[in-house]
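Hydrogens, waters and symmetry mates are skipped; everything else that's a heavy atom, side chains included, is used. Reminder, nothing fancy here: chain letters follow the sequence lines and each chain counts from 1.
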There are 4 protein chains.
Amino acid sequence: MPRTAEQFEQLKGERRQALLGVARRVFARKGLAAAKIGEIAAEMGISYGLVYHYFPHKESLFAAAIEDALQAWEAFFADVQRTPGTPWERLETVCTRMIQSVQESPETLLLVVRALTEDEAPRAVRDALARYKRHCHEQIAGLIAEGQRTGDVAPGAPLDIARALMALVQGLAISRAMDEHAPPLPLEVLLRLVKAGTPPAAETRRRAPASPSRLART
Amino acid sequence: MPRTAEQFEQLKGERRQALLGVARRVFARKGLAAAKIGEIAAEMGISYGLVYHYFPHKESLFAAAIEDALQAWEAFFADVQRTPGTPWERLETVCTRMIQSVQESPETLLLVVRALTEDEAPRAVRDALARYKRHCHEQIAGLIAEGQRTGDVAPGAPLDIARALMALVQGLAISRAMDEHAPPLPLEVLLRLVKAGTPPAAETRRRAPASPSRLART
Amino acid sequence: MPRTAEQFEQLKGERRQALLGVARRVFARKGLAAAKIGEIAAEMGISYGLVYHYFPHKESLFAAAIEDALQAWEAFFADVQRTPGTPWERLETVCTRMIQSVQESPETLLLVVRALTEDEAPRAVRDALARYKRHCHEQIAGLIAEGQRTGDVAPGAPLDIARALMALVQGLAISRAMDEHAPPLPLEVLLRLVKAGTPPAAETRRRAPASPSRLART
Amino acid sequence: MPRTAEQFEQLKGERRQALLGVARRVFARKGLAAAKIGEIAAEMGISYGLVYHYFPHKESLFAAAIEDALQAWEAFFADVQRTPGTPWERLETVCTRMIQSVQESPETLLLVVRALTEDEAPRAVRDALARYKRHCHEQIAGLIAEGQRTGDVAPGAPLDIARALMALVQGLAISRAMDEHAPPLPLEVLLRLVKAGTPPAAETRRRAPASPSRLART
DNA sequence: TATGAATGAGCATTCATTCAT
DNA sequence: CATGAATGAATGCTCATTCAT
C-alpha cells in the first residue's frame, strides 16, 4: 500500500510535469487568453475536468508553466556558472545554447515573451518574471564584466549588453514563432554584441567569417 | 453642400484613424483575444456599437491596426532610403530611430509582435507581416551590404545581421512592455551588431561549444 | 404654395404606398423578425432613417403592410360581389383570381401567412387578421351557399369549404415561396372542392363511406 | 462499467430527442429568427449553455428539428404504403391522418411551413425539404394514380392533386396556429379533391376554363 | 425632408469552472 | 481519480431607434 501511494504520488508528479510541458507549448502558441483548457487537456489525452485536479484554474496553470520555463533558464545559468573555463568561453557557451534553444525549443522563450507581454499577469508571475530578468541579466553581465577585464569583451555597460543579448534572443524566438523554418542565427552575429573589436594584444589573425554566409536569401 | 459631404468624409476618415490609434494601443497592450471591443470604444469615448460602423469585426480592426503599424515602418525605411548620406550614416539613422521608436512608441512594435505571435492570424495579416518582414530585412540588409563595401560594416551575411537587428529591437519593445521605465539601449550597443571592428577582426581560443543543453526539453 | 403643399402631401402618400409595397415584399420574404429596416430602405432606395418619417417602428410598418394586403383581398371580394353573373360564375372568378394571385403576387398571400404565424403580433394585426379571415370566409361561404341552392356546388357546410379553399390557396403560396418556378395549380383541381359531383338533377350520387375512418395509426 | 457508459449514451440520446421536441415546438411557434435559444432551454428546464452540448448552433438545432419532422412524415407514408387495402382506402387513411395531424400536432406541420418559408435556410435544410416534398408528392400521387385506375379517384394530373392536398393541409396547420380552437376540417371536404364524382363524371354548363390548364404534367 | 452617425438592448456563443456519477 | 454534463459570466455582434446636421 505505501508503495502504491508512493507510486501514485510519483505518477501524479509526472502527470503534473507532463501537463506543464503541454501547457507550455499551448500557452506559447496561443497566449493566456486564447489558450483553452480543453485544448491543453486534449493535447494531453485527458479530460478537461482532470486538469482541475492538478491546477485550480487556468491562471495558475499558466503561472506554473511560466515558473517552470523560468527555472529552466535559471538552472541553465547556474550550470554555466559551474562550468570551468575562461569568461569568454562561458559567454560563448551561453550564446551558443541560447541560439540552440531558439531553434530547438522556442516555446520556452515564447512562453516567456507571452508572460512578459501579458497585461493582466498575476503578481506571482510578475514577480517571477522580474526575478528571472534580474537573474539572467546579472549572470550575463557578470560574465561580460569578467570578459572585459580579460579584454575579450568590448567595453560598455555590461548590463546594457546583457539586455541587448536577451532582447535579441527573445526577438529571435518570435521570428521562429512565425516561421518555423527560419535558419538559426550564426553565432558570430550574436557574438558581435560582446566580442572586443580588436584582439587584446592586437595582431591580425582571422578575417573570413566562419559561418555559412547567405548573402542573399530572399 | 459638397463641402459638408467632404467634411463628413474627412471626419469619418479622421475618426477611423483615431480609432486605429486607440486600437493599436489596446491591441498592443492586451493582444487580439484579450482586448475587448468595449474597452477600445471606451478608450475612444464612443459606444461599442459605433466601432462596428468603421470595422465589421474585431479581427478586421486588428488587421487594420497591424497594417497601419507596418506601413509606418515601411514608410520609415522609404524615408531613410531617400535621405542623403553615406550608408553608415543612414544605418546610424535607422538604429537611432529604432531605439527612439522603442522608447517613444513601443506600442507599434509591440503590436507587430502581437501579430507575429498570433496563432490564428487571418491570411491578410499573415501576408502583410511576411511582406513587412521581407521589406525591413531587405532595406537593412541593403544598407549593410553597402556599408560592407565601404568598410564601415563588419563582414557577415547582411541578411543575418538585419534579422538580428530587427529581433533585438522587437525584444527591446517587449522589455518596455513590462517595465516602462526601462532606459533606452545605448546606440553604441546596437551598433555593435554592424560596426566594423578594428580592421580585420581577430580571434583566438575558439573551441566548439561542448555542453548539451538541458534547455531543450522536448 | 398650396399647390406645393398638396404635391408634398401627394408625394408623401405615394412614397408611403411605395414603401408599403416594398415592405410587403421584404416581410413576405423574411418575416417580421428577420426583415431588417435597412433592407427595406435599401430596396426603396432611401436611407433607413427616412423610413421612420413614415412609420414609427418596424412593427407598425409590418402592421400597415398587413392591413394593406388584407384590404386588397377584401377589395377583391367586394369587387366580385359587385360582378354580375351566377354564383357559380363568381365562384369561378374567385378561384381563377386566387390562383392568379398565387402565381403573380405570392408575396401578398405569403405576407398574410407570415402574419398568421406571427406569435407576437400586436393586437391591431391580430384583429385585422381575424376580421379578414371572417370576411373572406363569409364571402366565399355566401357564394357557396348560393351555388348549392342552384345545384352547382356540392353539398357540405359552406364555411368548411370556404376554409378549405383559403387554406389551399395559402398553402400554394408557401409552395411558391420555396420554388418560384412551380406551375400554377389547374383551376379544375381547385374547383373540385366546390363543384357538384353530378348535374343538379342527377341521382345515384354517392356510395363510398362518408365517415371519417381511421384505419391505421402508428 | 459498460452498462453505465451505455446508459450515459442513451440518456444523452434521450435528452437530444427531448430537446428536438421542444425545439420543434418553439421553432414552430416563433420561427427561426424569433426563437431564442434561451427560450428553448427554459422550456426544457436546462441552462442555455447546455443546448450547445447537443447542437453547435441555433441553425443546426433548427435543421435537426426539421429533419426530425420530415422524417416523421416520410415514415408515415412508408407506413401507409405497407398498409393493406385498396388504393382508395389508403387515400382515406392518408387524408384522415393528415387532418388528425393538423388537429393533434400542428407544430410539426407548422415547423415544415416555417422551413419552407425560411429565406436563409442552409443548404441541408433546403435539400431535405426538396426531398420531403418530392417524396410526399410521389407517394400521394401514386395512390391517386392507382385510385384513378380503379375509378375511385377523379381524373386529373395526380401530381397536381397531390400538391393541392399537401397545400391544403399546410394551410390548415397555419389556421390552427392562429386559432387553436378551430374545428377539424371534415374529411369529406378534403376528400373532394380526390373522390370521383358520379360514374364517368357528368358535366353540363361547363365552359372552357379561363386559365391555362395543364392537365397532365407528371 | 433626408442622411447616416450614434446608442444600447438583446441575443448567440464560448468557455472556465463545478460537480454528480 | 476520471469524465463530461451542466452552469452562467462574459463578450462579440446586430439592428431598431434616435437625433444632429
Side-chain angles (χ1 to χ4, degrees), chain A residues 8 11-12 15 32-41 44-61, chain B residues 1 4-5 7-9 11-12 15-16 33-41 44-61, chain C residues 8 11-12 15 32-41 44-61, chain D residues 1 3-5 7-9 11-12 15-16 32-41 44-61:
Chain A
F8 269 154
L11 185 66
K12 177 161 182 171
R15 270 281 184 82
L32 173 57
K36 287 171 254 173
I37 288 286
E39 191 179 355
I40 295 171
M44 261 294 278
I46 62 176
S47 73
Y48 54 83
L50 192 49
V51 173
Y52 289 88
H53 274 273
Y54 297 96
F55 298 93
H57 38 242
K58 194 162 83 155
E59 274 70 25
S60 63
L61 176 53
Chain B
M1 276 103 183
T4 316
Q7 288 177 336
F8 271 154
E9 276 314 300
L11 190 65
K12 180 160 183 175
R15 269 289 181 85
R16 223 189 103 104
K36 285 168 271 176
I37 287 287
E39 190 181 355
I40 295 173
M44 258 299 271
I46 63 177
S47 73
Y48 56 84
L50 190 49
V51 173
Y52 291 90
H53 271 270
Y54 296 97
F55 298 93
H57 38 244
K58 197 164 81 156
E59 274 70 27
S60 63
L61 178 53
Chain C
F8 269 153
L11 185 67
K12 178 162 183 173
R15 270 281 184 81
L32 174 56
K36 287 171 253 173
I37 288 286
E39 190 179 356
I40 295 171
M44 262 292 277
I46 63 176
S47 74
Y48 55 84
L50 192 50
V51 173
Y52 289 87
H53 275 271
Y54 298 96
F55 298 93
H57 40 242
K58 195 163 82 155
E59 274 70 26
S60 61
L61 177 53
Chain D
M1 279 104 183
R3 187 60 56 96
T4 316
Q7 288 177 334
F8 271 156
E9 275 314 299
L11 190 66
K12 179 161 184 173
R15 268 290 180 86
R16 223 189 104 106
L32 174 56
K36 285 167 270 176
I37 287 286
E39 191 180 354
I40 295 172
M44 256 300 269
I46 61 177
S47 74
Y48 56 84
L50 190 49
V51 173
Y52 292 90
H53 271 271
Y54 296 97
F55 297 93
H57 39 243
K58 196 165 80 157
E59 274 70 26
S60 64
L61 178 53

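- Counting any heavy atom pair closer than 4.0 Å across all strands shown, D/Ile37 reaches sugar-phosphate atoms only and no base atom.
- The NZ atom of B/Lys58 sits 20 Å away from the P atom of E/dA12 (whole-angstrom rounding).
- Residues A/Tyr48 and A/Tyr52 come closest through the heavy atom pair O-CD1, 3.5 Å.
- The phosphate of F/dG12 has neither OP1 nor OP2 within less than 4.0 Å of any side-chain N or O from B/Lys36.
- Atom CE in B/Met44 sits roughly 14 Å away from atom P in E/dA5 (whole-Å rounding).
- In terms of heavy-atom proximity, D/Lys58 sits nearest to D/Leu32 at NZ-O, 2.9 Å.
- Across the protein-nucleic acid pair, D/Arg16 atom CZ and F/dA6 atom C1' stand 18 Å apart, rounded to whole Å.
- Between E/dA5, E/dA2, F/dT17, one nucleotide has an atom nearer to the side chain of B/Leu50 than all others, and that is E/dA5.
- In this structure, F/dC19 forms a base pair with E/dG4, meeting either the Watson-Crick or the G-U wobble geometry with both donor-acceptor distances under 3.5 Å.
- When the P atom of E/dA12 is taken as reference, atom CZ of D/Phe55 falls 16 Å away, rounded to whole Å.
- Of all nucleotides listed (F/dT7, F/dC13, E/dA16), E/dA16 comes nearest to the side chain of A/Tyr52.
- Screening C/Ile40, C/Leu61, C/Ile37 against C/Phe55 for a side chain to side chain contact (heavy atoms under 4.5 Å, CB included) leaves a single residue, C/Leu61.
- Atom pair D/Ile40:CD1 and E/dA12:P shows a separation of 9 Å (rounding to whole Å applied).
- Residue-to-nucleotide proximity on DNA chain E shows that, of A/Ala34 and B/Ile46, the 5′-proximal contact is made by B/Ile46.
- Contact annotation: side chain of D/Tyr48 to base of F/dA9, donor-acceptor pair present below 3.5 Å.
- Among the heavy atoms of the strands, none lies under 4.0 Å from B/Ala33.
- A straight line from CD of A/Glu39 to P of E/dC15 spans 10 Å, rounded to a whole angstrom.
- Rounded to a whole Å, the NE2 atom of D/His53 is 11 Å from the P atom of F/dG4.
- Put simply, D/Arg15 has a side-chain N or O that comes within less than 4.0 Å of OP1 or OP2 on F/dA6.
- B/Arg16 approaches B/Tyr54 most closely through the heavy-atom pair NH1-O, 3.5 Å.
- Considering only the side chain of C/Ser47, E/dT3 comes nearest among F/dT7, F/dT3, E/dT3.
- Taking both residues in full, the closest heavy atoms of D/His53 and D/Lys12 are given as O-NZ, 4.4 Å, listed atom of the first, atom of the second, then distance.
- In this structure, B/Ala35 reaches the sugar-phosphate backbone alone: every heavy-atom distance under 4.0 Å involves primed, P, OP1 or OP2 atoms, never a base.
- Here D/His57 lies in heavy-atom contact (under 4.0 Å) with sugar-phosphate atoms only.
- In this model, the phosphate group of E/dA2 is approached by a side-chain N or O of C/Tyr54 to a distance below 4.0 Å at OP1 or OP2.
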